[in-house]
Amino acid sequence: MVTHKADFNVNINFTVNLMLIFSIKTMNHISGDWLNHTHTTEFIMLGFLAYPQLQSTLFTLFLLLYLMALVGNLLIFSIIAADARLRTPMYFFLANLAVLDICCTSSTIPKMLETILSETKSISFSSCITQLFLMSSILSIQLLILALMAFDRYVAICLPLRYTSIMSMNFCITTAFTMWFCGFVNSTTQTSLMKRLSFYGKIALDQFFCEIPPVLKVSSSDTYINDIAILLADIFISMFCFLLTFMSYMYILSSIVKNRSASNKRKAFQTCSSHLLVVAFFYGGITYTYGRPALNLEGDKDKVVSVIYGVGSPVLNPIIYSLRNQEVKRALDQILSRKMFSSRM
């Protein structure tokens, strides 16, 4: 059991460390090349200037959301790492999702808080590019992880006798590594294509943080190739994730309907409901933000939608998975009980 726990922690730490090394090297390469030919040194974030009377409120709100996301996801990760019974494929992917949520909020909210306090509301060009690279990577990986979690539920409910052989830990680690790699490749491609664009002077972004669509919108160059690249990524990544999720739950629903046991039906619904809530919440925002600009559709709700999936989703994920998951709650209760017992001793 100790060895299994160590292997689980090593696998997660290896993935995270590899992500950090790859992202730092890639960001340095992209930012360095970009700064050599652009005339822009900073962006002005209009998302904050639109509410001058709410600066202190926004700062407090985003700070609380960041702390909630950080504490919640660290707690989820710690519970999974500490409890041997939770070292299963489903919780392995949930641990990956918790790490991604921490990275997502940490790549945007600290800089947002700094921008709120700043009188100029500006963000440097290199910081903006770094932010949009990380956000693009994280969102792509999250889509893939959520799809794989749906497939895991399909195997568990529809093919229970083959679950151990199909969802082996080697398969989960290999698949998770592949998804992290694909997310970074997509983000590197999208960000590298933006090096062909030109930016001049101080440019205003009507957003709270840097993402590819709003940055493309303020470029003085033709963004046709970039729009096509985003659309292709949406088709290959988003459609693959959607189809895998959709087909998994169609088979799950069919299996639940055929099952005559009321207790089994209730257990299956409880197992899948948390994941469905996260998927519905996350997919809507991603599709709107990255699909709308590529299709040349106008809209003025970008800021709200981006905050929903970039900030709201990482906050809600640990709440949904902990409050609606009896195994996680039992594990947390036992950890707290052991802590209280050891402190009394």
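The figures that follow rest on heavy atoms only: side chains count, while hydrogens, waters and symmetry mates do not.
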Evaluate side-chain hydrogen bond (donor to acceptor under 3.5 Å, both in side chains) for Gln55 paired with Lys121, printing each intermediate quantity in order. CA-CA 11 Å; Gln55 298 301 293; Lys121 311 300 178 189; 2.8 Å; yes
Would you kindly confirm whether Leu54 and Leu117 end up in one hydrophobic cluster when ILVMFWY residues are joined by side chain heavy atoms under 4.5 Å apart? yes
Is the CG atom of Leu232 crowded by more than 12 outside heavy atoms at less than 6.0 Å? yes
Decide yes or no on side-chain contact (heavy atoms from CB on, under 4.5 Å) for Leu146 and Cys241, but give the supporting numbers first. CA-CA 8 Å; Leu146 288 173; Cys241 294; over 6 Å; no
Test item: Arg87 side-chain N/O and Ala81 main-chain N/O as donor-acceptor pair under 3.5 Å: yes
Is there a side-chain contact (heavy atoms from CB on, under 4.5 Å) between Asp101 and Val315? Walk through the geometry before answering. CA-CA 8 Å; Asp101 284 336; Val315 173; over 6 Å; no
Using modelled atom types only, decide if a donor and an acceptor are shared between the side chain of Gln131 and the backbone of Cys210 within a distance under 3.5 Å. yes
Using 30° and 60° as the class limits, which term best fits the ring planes of Phe43 and Phe125: parallel, tilted or perpendicular? parallel
Greater than 12 external heavy atoms within 6.0 Å of Gln53's CD: yes
Would you indicate whether the side-chain heavy atoms of Leu100 and Trp180 approach each other to under 4.5 Å? yes
Is Ser118 reaching over with its side chain to a backbone N or O of Glu114, donor-acceptor style, under 3.5 angstrom? no
What closest approach, in Å, do Leu144 and Cys182 show between heavy atoms, and which atom pair accounts for it? CD1-CB, 4.2 Å
Side chains of Met194 and Asn226 in contact at under 4.5 Å (non-hydrogen atoms): yes
For residues Thr108 and Met135, determine if any side-chain heavy atom of one lies less than 4.5 Å from a side-chain heavy atom of the other. yes
Counting only heavy atoms not in Phe236 (residues, nucleotides, ligands), do more than 12 fall under 6.0 Å from its CZ? no
Evaluate the ring planes of Phe242 and Phe246, with Trp represented by its six-membered ring, and classify them as parallel (under 30°), tilted (30 to 60°) or perpendicular (over 60°). parallel
So, do Phe93 and Met167 sit near enough that their side-chain heavy atoms are less than 4.5 Å apart? yes
OH of Tyr163: more than 12 outside heavy atoms within 6.0 angstrom? yes
Mark yes or no for whether Asn73, through its side chain, and Ala69, through its backbone, hold a donor-acceptor pair below 3.5 Å. yes
Show your working on side-chain contact (heavy atoms from CB on, under 4.5 Å) between Tyr249 and Thr245 and close with a plain yes or no. CA-CA 6 Å; Tyr249 276 105; Thr245 303; 3.9 Å; yes
Stepwise side-chain hydrogen bond (donor to acceptor under 3.5 Å, both in side chains) check, Tyr66 with Ser106: CA-CA 8 Å; Tyr66 178 58; Ser106 296; 3.1 Å; yes
Can you check whether Ser198's main-chain N or O pairs, donor with acceptor, with Ser220's side chain at less than 3.5 Å? yes
side-chain contact (heavy atoms from CB on, under 4.5 Å) assessment of Ser107 paired with Thr130: CA-CA 9 Å; Ser107 66; Thr130 299; over 6 Å; no
Would a hydrophobic clustering, with Ile, Leu, Val, Met, Phe, Trp and Tyr connected at side-chain separations under 4.5 Å, put Leu64 with Leu113? no
Ile141 versus Phe184: any side-chain heavy-atom pair under 4.5 Å? yes
Contact check, side chains of Ile44 and Leu205, non-hydrogen atoms, under 4.5 Å: no
